[in-house]
Visitor: 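First, the structure itself, so that you have it in front of you.
Below, read A as the first sequence line, B as the second, and so on, with proteins coming before strands; counting in each chain starts at 1.
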Amino acid sequence: MTNGQPQAASQPADQPASQPEELLRVENLTKAFSGVEVLKSLNAGIRRGEIMGVIGENGAGKSTFMKLISGVYAPTHGRILLDGKPVRIATPSAAQRLGIAMIPQEFNLINTLRVYENIFLGRELRRAGVLDRKRMIEIARRLFAALATDVQPEALVGDLSVAQKQMVEIAKAISQESRILIMDEPTTVLSRAEIDSLLVIMRDFTAKGGAVFFVSHKLAEVRAVCDRVLVLRDGELISLDPVAALDEHEMARRMVGRDLSEAFPAKATPTVVQPVLAVRSLTVPGSLAGISFTLQQGEILGIAGLMGAGRTELGETLMGLRKAQSGTIAIDGAPTAIQSPRDAIAAGIAYLSEDRQGRGLLLQYDSVVNITLASLKQYARLFIQNRKCQERARYYVDSFNIRVPSLAADLSRLSGGNQQKVYLAKWLDTAPRILILDEPTRGVDVGARHEIYGFIHDLVANGLSCILISSELEEILGLSNRVLVMRSGRIAGELAGDALNEEEIMYYATGLKVQEIPGDATAPATLSGASGAPVE
Amino acid sequence: TATLSQAGTSAGTSAGSEAAAAPAAPAAAEAAAPVSTEPIKIGVSIPSADHGWTGGIVYWTEKAIADWKAKDPNIEFVLATADSPASQVSDIEDLMVQNIDALVVLPHDSASLTPVVEEVKNAGIYVVVIDRGLTKPIEDVYIAGDNPGLGKVSGEWIAEQLGGQGDIVVLEGIPTVINTERVEAFNAVIAQHPGITILDSQPAMWSTQKGLEIMENYLQKYDKIDAVWAQDDDVLKGVLQAYEESGRDDIKFFLGGAGSKDIIKMIMDGDPRIQADVTYPPSMAATAVSLAVMGMRGEHLDGFYQQQIPTRIILAAELVTKDNADKYYEPDSVY
Amino acid sequence: MVSKRSINYSTWTPLAALIILIIISSFASEYFFSARNLLNITRQISYTGIIALGMTLVIIAGGIDLSVGSLVALAGGVAVLALNALGGGPLAVAAAILVAVIVGVLGGAFNGMLVTAGRVAPFIATLGTMSIYRSLTLYMANGGEFRSQSDLFPSFGAGLFLEIPIATWVFVILAVIFQILLSYTPFGRHVCAVGANEVVARYSAIRIQFVKFMTYALTGLTVGVSAVLLASRLNAVSSTNAGVYYELDAIAAVVIGGTSMSGGMGAIWGTVIGAAVLGIINNMLNMAGISTYLQGLVKGLIIIAAVLVQYKRK
Amino acid sequence: MVSKRSINYSTWTPLAALIILIIISSFASEYFFSARNLLNITRQISYTGIIALGMTLVIIAGGIDLSVGSLVALAGGVAVLALNALGGGPLAVAAAILVAVIVGVLGGAFNGMLVTAGRVAPFIATLGTMSIYRSLTLYMANGGEFRSQSDLFPSFGAGLFLEIPIATWVFVILAVIFQILLSYTPFGRHVCAVGANEVVARYSAIRIQFVKFMTYALTGLTVGVSAVLLASRLNAVSSTNAGVYYELDAIAAVVIGGTSMSGGMGAIWGTVIGAAVLGIINNMLNMAGISTYLQGLVKGLIIIAAVLVQYKRK
Ligand SMILES: Nc1ncnc2c1ncn2[C@@H]1O[C@H](COP(=O)(O)OP(=O)(O)OP(=O)(O)O)[C@@H](O)[C@H]1O
Ligand SMILES: Nc1ncnc2c1ncn2[C@@H]1O[C@H](COP(=O)(O)OP(=O)(O)OP(=O)(O)O)[C@@H](O)[C@H]1O
Ligand SMILES: [Mg+2]
Ligand SMILES: [Mg+2]
């Protein structure tokens, strides 16, 4: 994915090269968790007005690095210098005082508080001792205006979508008058427009002499916005070079330590055309309106759309997590009532939520418990046969090459990508025939991402059928045989073959184009469903 | 038990007089030099102080224990208070483990404690039961107040004062057998006086505050009340408080129960609202402890010609009025 | 969506329960609406109501305090001792009030210490102090009562100001103060944050331990106030049953008021309504003269119903 | 890391508390180690201990049950009525046992209904039923006792089997069953999942409502068993104070046993140890003959200490 505007902004020319000396430097920075060194004596420095990209595989140590600078963890040894002076950053608040603001990879928001309250949490503005709401709300509003997003300052964070939450995190960070801004994968859940405005804001920030750490798996963005790129592998510094010096392939190569083969495995077009899943005018008040489509045996059906288009609702409805008001679902041509996730599993459906931490995994339990949670019946006549579970978990950990300290280590200590693999294993263990993936590579690095693509490819080759919900057009285009584009709860269009390209998808996603007859042979149903459907 | 009392009588008679005197006049206790007696261990199991009167029970028990310890170092006491029948059963089980020779028990509930006390008795331990009788006649000695009597005397006095005419309200205690006995006896008496109507009767849990709240409501509901029966003096305090605050003056008199020292004092001081009280003395617990000691020692009550301590002692529910109030006033008691 | 529920929860819904209840009551007894009866209710609810104010903060911050009932007895008892020691004059009364509040705050602070410094689960910590405070009180009073010898003392606990019981005034004023504290000060926000997500709160430079500690100390303060009002009302404190079951009433008031036990959010005014609901239930049951044994049944049903109503409204 | 704590928490640490306590006790009284005394303790703890087994599941699943105490009285009372109605013979005793268990399960199921179908917060739902069940019991017994007319009935509550109290046997057997249920069956796994993260559990096709409901029903079952043991031990059930404060003892046992109130993790055997700790405290206080007023103080301190020890060991 290439986008023009920020690229222009990324010319080294238009940054203040006036005072090149370093703002922050780390020396022999090392972090070990229970003996395991995850960051190995790192030496690096960031200059004023610089955006430094930090890339690396899942578990490479990026977040750890950032958490050390922002006072979440204390270094095992090594030190941090600010303006050349050694500083001790014991707590996040200490970091704040030193002018270091962090946008964490996992959300750090209070769902029960309002947006503006979250933004100013711990540093509330007050007038005469009591909260100065007016001013806080006003400032918040301005921040979101600058971010070109429509979050309401007085909304409750708990009601926001993932992307909106991300925006709040960003607003919170930039609202602190800080000199160093740490962004740990801020763009993973954002729409194109939101990303662009974010990149602009980063530029403004550096223009004022600040410095930005930009952690991302989206190498194109890194290329577009960063001045220098720091590559981490297994906790070690691989390289720190100007962005001009490396293209995306080179970045990926350095991250993984080997040459990556062709980005996406060759698509296997399903040989026999035999519908596994047929959905007819599925309607869920408020989110889905007359959805109709068919999933063929052994195909990957992509579902694209903008944030809030209702893709997740579609997935959740198929999984029996949301109640459909009308419409039918047929498996292998047989009408099947799916009232609950149990029904869905019985029907051979599996759904991986976009929110793996909040809805997918029990983080305080180990991989064995998690992998066997949905498929426990297999391992228990009356009692759970723990040995079988262990073996099974071991099998997945090996074949998906999941990096876990041990089978008994709880998932809270795994990096995002490894958690995602565990999540995939969990659902594959229910032996599904229809696999619904919602943002399967959100926050997952190139290496792991390729692995996951590989897994999907193999699974489909072995007769599994897959619905792929993703905001990464690249991914959709690269993997899908067909693509449905959703818009405000409807299927705006179906694309296949030559019509399958980024522009087309965007036209339908944004409503510039609407297909009169979706590809299905079920036009009437769809139309009636669609016409009668409420618009969000 | 025969053997026990034999052993007792032989050893005991000499110490008899002081022993008998002790509870009556504790002052004498310090004077008397301890005579050599074989050591005995007495377990005492009573309900914990969950309202004023049981507070009094605990107070009197500890007082008697202290007096006896001062008088005879060979007597060892183990005291356990329980907040429920189940925990009282546990307490008694624990007491048995400690090889007690005698058990003084005020059962939380009659039936609930019967099985375990029976075990105690079968183990050859001397048993004195206070106040709430067991469902079987197991004990060696039973000492109690007169619950139906309390209700009866109260009813009769109120009826007489009202001259058989008037409206009264009743504040009951915690719903238990005791409360039921008292209230039923009271109602029976009132029933004989068609001129008297009981407007309302609700449980005040033997608690001052509950009495206050319920009386507040009574004063709301009934424009004319002639007399109040509170059954317990703690409750009566709350009742009086509510009455004062209401600023009303229609209520002719109040009657409490159990004879707490405050109310007795008010009677002595001639408070017009309170002209009488009916006794149900917690001091019975102290007497019970003494009875246990004397029973173990095989002594008999001074001036009694029976060889043995009477096996049933019922303390009448006596009417306390200005004339005799001083005889019932216990300034040191907590109740 | 979980958050969603608890949100509506603490908005207008408790009011529904209250209104329904008032309607029922007015039918159940013609005396219900008499000014005097209503004033009685306000006074009767003030004792546990005041405590419920502090309890609201504790629960929002993710804690619980079972010791309030025992602490009422302790604070009240010590206050009476101080009163008598100082001769029961106006100064003595003032001193007694001060003492009660101090004892309350100390008791609450000790709970706070255990929960923060000692990291004992709130339920266990306060279960322990519940037993400890009661025991101390019994020991000091030897199982009996603390009796005030002052004639002045009762006058303010039982007294009226502008026709309205002083206890009611105190309750209302404290409610306003706590409402402001919770909704209009940084501390209030921090209490919510700590209860909703401790980790996030820490990252946001909030002194979690301090915030938690303060919620318990403040609850202790409310307990002290409630204790002195109660003591002066009865001019005595029973070591055995002063404040018994107050913790349950206070917690019930908080939750009926829409504050969720899981913490993170709640409303003071909801708690006030919760206390009113409970008070009216008691009053109604007595007024209607329902079989004393069945009162518990009705009360239980109404408490549950009150919360059910809140969900239906959602 | 929170989870990490509760793990250590529920591993070996409660044992430390128990051992320390045993050492203290053996010094406090020479009778402590007498076989008779130890057997007494095992019987004394069995009544609340059995209930604590069910309570463990409820708490792990993220709930709480305050109604167990009242339900003990209700189940026991109804059982005695059945016993007497059927003449007190062997069959009548068997029937009584069955009845108690059935009433217990029904009571628990009703709690479960309120929490799942009714979506009432567990604390409030069971606070309500606590009041309801007690009230029903009082009403049936008219405030008095349910007295069994059977001479056979007490024999098994007080009876021994192989020198060991029957109550103890029941406790041990149930503990083993619940341990297996929690650690080796899908249901147990689901209970943990629901408590750890309800949303994840739902997305994992776990029937949350069913699981929650079952935890309450099972607790009701343990209550029924405990009730019949208690009733036959006393050969009567007091409507006023049978089972009073059992909820607190049971919950204390669970938490001392290392199960965190926040749910998601816990251990049955920890709960058994917790019950033992509480039982030994009571026993020791009686044996040592500590002033009855100060017993609460000691008990409270030891409960807190027991939990503190767990953290220190962490
Ligand atoms: N709290 C912790 N305890 C133990 N190990 C941890 C902890 N946090 C991270 N780790 C380990 O440290 C390594 C680096 O983790 P980190 O989150 O920094 O990776 P990352 O580069 O951010 O990966 P991702 O791109 O998936 O976010 C991983 O192997 C992870 O398992
Ligand atoms: N994690 C979440 N928490 C709360 N609400 C959410 C969450 N995810 C989605 N929603 C709700 O569902 C609505 C539709 O968003 P949804 O995620 O279904 O759209 P989508 O097409 O799946 O886009 P994406 O999957 O990229 O978010 C959102 O507006 C939001 O209100
Ligand atoms: Mg990371
Ligand atoms: Mg989505």
Visitor: For Ile206(D), which atoms come within 4.5 Å of any heavy atom of chain A: side chain, backbone, both, or neither?
Guide: side chain
Visitor: How far does CZ of Arg189(D) sit from OH of Tyr379(A), to the nearest 0.5 angstrom?
Guide: 11.0 Å
Visitor: Check Ile345(A) against Ala205(D) and note the closest heavy-atom contact, atom names and distance.
Guide: CD1-CB, 3.4 Å
Visitor: Looking at every heavy atom in both Gln364(A) and Met265(D), which two are closest together, and how far apart are they?
Guide: O-CE, 3.4 Å
Visitor: Taking Met319(A), Glu316(A), Gln357(A) one by one, which has the highest count of heavy-atom pairs under 4.5 Å against chain D?
Guide: Glu316(A)
Visitor: Side chain, backbone, both or neither: which part of Thr372(A) has an atom under 4.5 Å from a heavy atom of chain D?
Guide: side chain
Visitor: With only heavy atoms counted, which part of Asp343(A) is less than 4.5 Å from chain D, the side chain, the backbone, both or neither?
Guide: neither
Visitor: With a 4.5 Å cut-off on side-chain heavy atoms, are Thr185(D) and Phe383(A) touching?
Guide: yes
Visitor: Is there a side-chain contact between Ser204(D) and Lys426(A) in this structure, where contact means two heavy atoms from C-beta onward sitting under 4.5 Å apart?
Guide: yes
Visitor: How about Tyr184(D) and Leu382(A): do any of their side-chain heavy atoms sit closer than 4.5 Å?
Guide: no
Visitor: Does the side chain of Asn197(D) reach to within under 4.5 Å of the side chain of Arg359(A), using non-hydrogen atoms?
Guide: no
Visitor: Side chain of Arg202(D), backbone of Leu321(A): donor and acceptor closer than 3.5 Å?
Guide: yes
Visitor: Only pairs of heavy atoms separated by less than 4.5 Å count here; which of Ala380(A), Gly358(A), Ser375(A) has the most with chain D?
Guide: Gly358(A)
Visitor: Under 4.5 Å from any heavy atom of chain D, what part of Ser340(A) do you find: side chain, backbone, both or neither?
Guide: neither
Visitor: Work out which heavy atom in Val200(D) is nearest to a heavy atom in Gly360(A); give both atom names and the distance.
Guide: CG1-O, 3.5 Å
Visitor: Between Tyr351(A) (side chain only) and Tyr203(D) (backbone N and O only), is there a donor and an acceptor less than 3.5 Å apart?
Guide: no
